[in-house]
Amino acid sequence: MHRRLFLLAFASTLALPAVARAQEARPSLEHYRGIIAANPLGIPLDMVSVELEGAVAPGVTAGFAANYVAPGDPSFASADAKLRYYPGEVALKGFSVGLGLGVVKYSDITYVNTPNGQRESLTAPALSVLTDYNWMIGAKQRFVVGAGLGAKRLLASSADRDRVDAPKAYPFARFVIGLAF
């Protein structure tokens, strides 16, 4: 009986450092206050996307995104201020929903009065809705991979949109990699 108690106490003593190390293995995400990210996969396709996002409250972030897409016609550039809510209450990690408010410059070649076409452009405010997911990976969970889907509504009159053949709203996708700081 004493021998069994001694062996149990000895085994527990050996296991204690392993349990302590397991609790230290995952750093807290709460010390990360922001993310800087870009889409490197878009560069060969004439697409550039950069983002900056920072925590403003538990589970809430504010950020800025700039995009340029010109694989042909039409092309557009946009800049948006974004507000995201993370239902898991951990800012920057996991699923989020959000809103964006910004400006879009939409450009296309139209053939209304000219047989060869004429480049027309429209600059207008835009409102967007976002659904995103950020994975924070690596030993310190500092490397960020983000993906998402959303839709953007151009806040311009139908006459202005028709002049450049711009849609009223359009879907978009998000893919970025970056670092938390």
Side-chain angles (χ1 to χ4, degrees), residues 26-72 74-108 121-158 160-161 164-181:
R26 294 281 178 182
S28 170
L29 290 172
E30 294 179 15
H31 68 277
Y32 294 128
R33 304 297 302 158
I35 290 174
I36 187 163
N39 180 359
L41 298 178
I43 294 170
L45 303 172
D46 293 330
M47 294 188 264
V48 177
S49 177
V50 294
E51 290 185 11
L52 182 62
E53 181 179 1
V56 294
V60 179
T61 64
F64 175 79
N67 301 288
Y68 176 74
V69 179
S75 64
F76 71 89
S78 66
D80 296 281
K82 297 181 179 186
L83 189 65
R84 288 188 175 103
Y85 173 65
Y86 292 81
E89 296 294 324
V90 178
L92 309 173
K93 182 180 181 179
F95 177 76
S96 69
V97 293
L99 294 173
L101 183 61
V103 64
V104 172
K105 181 176 182 181
Y106 186 91
S107 177
D108 199 358
S121 65
L122 168 68
T123 302
L127 180 66
S128 55
V129 292
L130 326 159
T131 57
D132 298 306
Y133 197 95
N134 286 343
W135 292 269
M136 299 186 75
I137 56 178
K140 294 186 178 189
Q141 294 189 1
R142 191 172 174 183
F143 188 77
V144 179
V145 177
L149 296 172
K152 189 171 289 205
R153 165 75 193 267
L154 292 175
L155 302 175
S157 69
S158 60
D160 284 342
R161 289 192 320 271
V164 296
D165 199 24
K168 183 177 189 178
Y170 58 91
F172 62 88
R174 169 187 179 256
F175 174 76
V176 294
I177 60 172
L179 292 175
F181 57 90

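All residue numbers refer to positions in the sequence shown, counting from 1. Hydrogens, waters and symmetry mates play no part in the numbers below; they use all other heavy atoms, side chains included. Only a predicted model underlies this, so the values are computations on that prediction, with no experimental measurement involved.
- Here the closest non-hydrogen pair linking Asn39 and Gly42 is OD1-N, 3.3 Å.
- Nearest heavy atom pair, residue Val56 against residue Ala62, reads CG1-CB, 4.0 Å.
- Arg142 places no side-chain N or O within 3.5 Å of a backbone atom of Leu179 that could act as its donor or acceptor partner.
- Here CG of Leu130 is found 9.5 Å from CG of Leu83. Values are rounded to the nearest 0.5 Å.
- At least one side-chain heavy atom of Leu99 sits under 4.5 Å from a side-chain heavy atom of Val129.
- Each side chain to side chain donor-acceptor pair (under 3.5 Å) pair with one or both residues in residues 121-131, not counting sequence neighbours, would appear here, but there are none.
- If you take CD1 on Ile137 and CD1 on Ile177, they are separated by 9.5 Å, rounding to the nearest 0.5 Å.
- Listed by first and then second residue, the side chain to side chain donor-acceptor pair (under 3.5 Å) pairs that reach into residues 44-63 are Ser49-Asn67, Glu51-Arg174, Glu53-Thr61, Glu53-Arg84, Glu53-Tyr86, sequence neighbours excluded.
- Residues Val104 and Lys152 meet the side-chain proximity criterion, which asks for heavy atoms closer than 4.5 Å.
- Taking 4.5 Å as the limit, every side-chain heavy atom of Leu45 sits out of range of all side-chain heavy atoms of Pro71.
- One finds the CZ atom of Phe64 at 8.0 Å from the CG atom of Asp80 (value rounded to the nearest 0.5 Å).
- Contact of the Val145 side chain with the Phe175 side chain is registered, since non-hydrogen atoms from C-beta on lie closer than 4.5 Å.
- The two atoms that bring Val144 and Ala180 nearest to each other are CG2-N, 4.0 Å, heavy atoms only.
- Applying the side chain to side chain donor-acceptor pair (under 3.5 Å) criterion to Tyr85, with sequence neighbours excluded, gives Glu89.
- Residue Ser75 holds its OG atom at 7.5 Å from CG of Asp108, rounded to the nearest 0.5 Å.
- Pro167 and Leu154 get closest at one heavy-atom pair: O-CD1, 3.3 Å.
- Across every non-hydrogen atom of Leu122 and Ala156, the tightest pair is CD2-CB, 4.1 Å.
- Residues Gly34 and Leu92 share a closest heavy-atom pair of N-CD1, 3.6 Å.
- Taking OH from Tyr32 and NZ from Lys93, the interatomic distance works out to 11.0 Å, rounded to the nearest 0.5 Å.
- Taken to the nearest 0.5 Å, the CD1 atom of Ile35 stands 9.5 Å off from the CG atom of Leu52.
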